[in-house]
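All of these numbers come straight from a predicted model, not from anything done at the bench. Throughout, a chain's letter reflects where its sequence line sits, starting with A, and its residues are numbered from 1.
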Amino acid sequence: MSFSHKILAWYGEHQRDLPWRKTRDPYKIWLSEIMLQQTRVAQGMPYYHRFLEAFPTVRDLAGASEEKVLKLWQGLGYYSRARNLHATAKMVVGEHGGEFPRTYEGLKSLKGVGDYTASAIASFCFDVPEPVVDGNVYRVLARYFGVDLPINSTEGIKYFKELAREVMDTQNIRDYNQGIMEFGAIQCAPKKPYCLLCPLNESCVALKEDKVARLPVKLNKTKIKERHFNYVVFLDDNGHTLMEQRRGKGIWQNLYQFPLVESEQELDEASLQQEIKDKNGIPELGSLTLYNTDGPIVHKLSHQHLHTKFWMAKTPGILEEGVHWNKIAAFPVPVLIADFIKTFKI
DNA sequence: AACGCGGGGAA
DNA sequence: TTCCCAGCGTT
């Protein structure tokens, strides 16, 4: 039996019951694929249901505000996915009459839809014989065929894509693509796969050469940047606070936060007061009270550690631009801010 | 070609 | 702790 037929047979026996496998609706498939980029199924699942409830069709999504889209995305990370999702929904409605493109190239032209996602939508919805190559597929192919080219090198990416194309089942592309990814997720797992029970163990090169644990090869560990955040949480006599929207290029673009003072080192109250004097846009304030007195909260992203202090600023009088504390739940905020709001009691 | 971009679960 | 997840866009 060929590689692809073994994958298909395994998939027939072991596939999970996932909602996006019950449909060929490009909107639902697209939504699920964007959400699952670099995201586990278990993490994305509740978001998928909430999005479909809030936006049953691509027109509903296109008609929503970006703020509402980001709010629903809150906590899922990689927020450019949400911004691109929204932009693409508008594009599909405005330029394509509400219909998704049906070709690989057409799909790939959409914002947020790259090589993998275009192949996934094309094959799942329209039976286009394009191979999907995601993290699972890299692992399965690298091990089964004993390929030690780095999966994140230009040469490796090209090689694995061609290999994937050679071994795919063009007649059952939908189930085959789903199957090889499912196989990688469940059977050919990253750590300690149970090769004894694997239906492909007789012909797996990595198993034969005892290289399972070392494949696939991946280069470049991301170095972590240490940053120091000081959030100033204003509270006036009306129970209003200040929120600002993050602009520019970095993390959490278009999400909201309390007024932020970033510094090279950890700040105490005096040095923070000095920093604020040099910064315009922040109102005059009296004394600052540190909220997290046990030490900075370290919010860990995959590429940054954010050492964070929340400073309470009780402000006499009224904040003109303020928003009532009871209203801030509607703002899309990073998990770091959401966690603070959750624990802080006025 | 290299880098930036979140958050969480598993071992 | 470390790894990595149905990757993509920018530089």
Next on the checklist: As a test of reading the structure: which of B:dG6, C:dG9, C:dA6 is closest to the side chain of A:Trp20, going by heavy atoms?
Outcome noted: C:dA6
Next on the checklist: Heavy atoms from C-beta onward define the side chain here; which of B:dC5, C:dA6, C:dC8 lies closest to that of A:Met181?
Outcome noted: C:dA6
Rounded to the nearest Å, what distance is computed from the [atom1] atom of residue [X] to the [atom2] atom of nucleotide [N]?
X	N	atom1	atom2	value
A:Lys223	B:dA2	NZ	P	12 Å
A:Tyr47	B:dG6	OH	P	13 Å
A:Gln37	B:dG8	CD	P	18 Å
A:His299	B:dG7	NE2	C1'	7 Å
A:Ile157	B:dC3	CD1	P	14 Å

OP1 or OP2 of [N] less than 4.0 angstrom from a side-chain nitrogen or oxygen of [X], does that happen here?
X	N	value
A:Ser32	C:dA6	no
A:His303	B:dC3	no
A:Gln38	C:dG7	yes
A:Tyr79	B:dG7	yes
A:Trp252	B:dG7	yes

Checklist entry - With sequence neighbours left out, what residues match A:His324 under ring-ring contact (aromatic ring centres under 6.0 Å, His included)? => result A:His240
Item to check | Along DNA chain C (nearest heavy atom to each residue), the more 5'-positioned of A:Lys111 and A:Thr39 | outcome: A:Thr39
Item to check | Parallel, tilted or perpendicular: ring planes of A:Tyr144 versus A:Phe3, cut at 30 and 60 degrees | outcome: tilted
Checklist entry - A:Ile251, A:Ile224: one ILVMFWY side-chain cluster at the under-4.5 Å cut-off? => result no
Item to check | Base B:dG4 paired with A:Ser80 side chain (donor-acceptor, <3.5 Å) | outcome: no
Checklist entry - Using atom C1' of each nucleotide, how far apart are B:dG6 and C:dC3 to the nearest Å? => result 15 Å
Item to check | Rounded P spacing from C:dA6 to B:dG4 in Å | outcome: 24 Å
Checklist entry - Does NZ or CZ of A:Arg50 fall inside the cone over A:Tyr47's six-membered ring, less than 6.0 Å from its centre and within 45° of the axis? => result yes
Which atoms of nucleotides 9-11 of chain B (N or O only) lie under 3.5 Å from a protein N or O atom, and what are those distances?
from  : atom 1 : to      : atom 2 : distance (Å)
B:dG9 : N2     : A:Arg40 : NH2    : 3.4

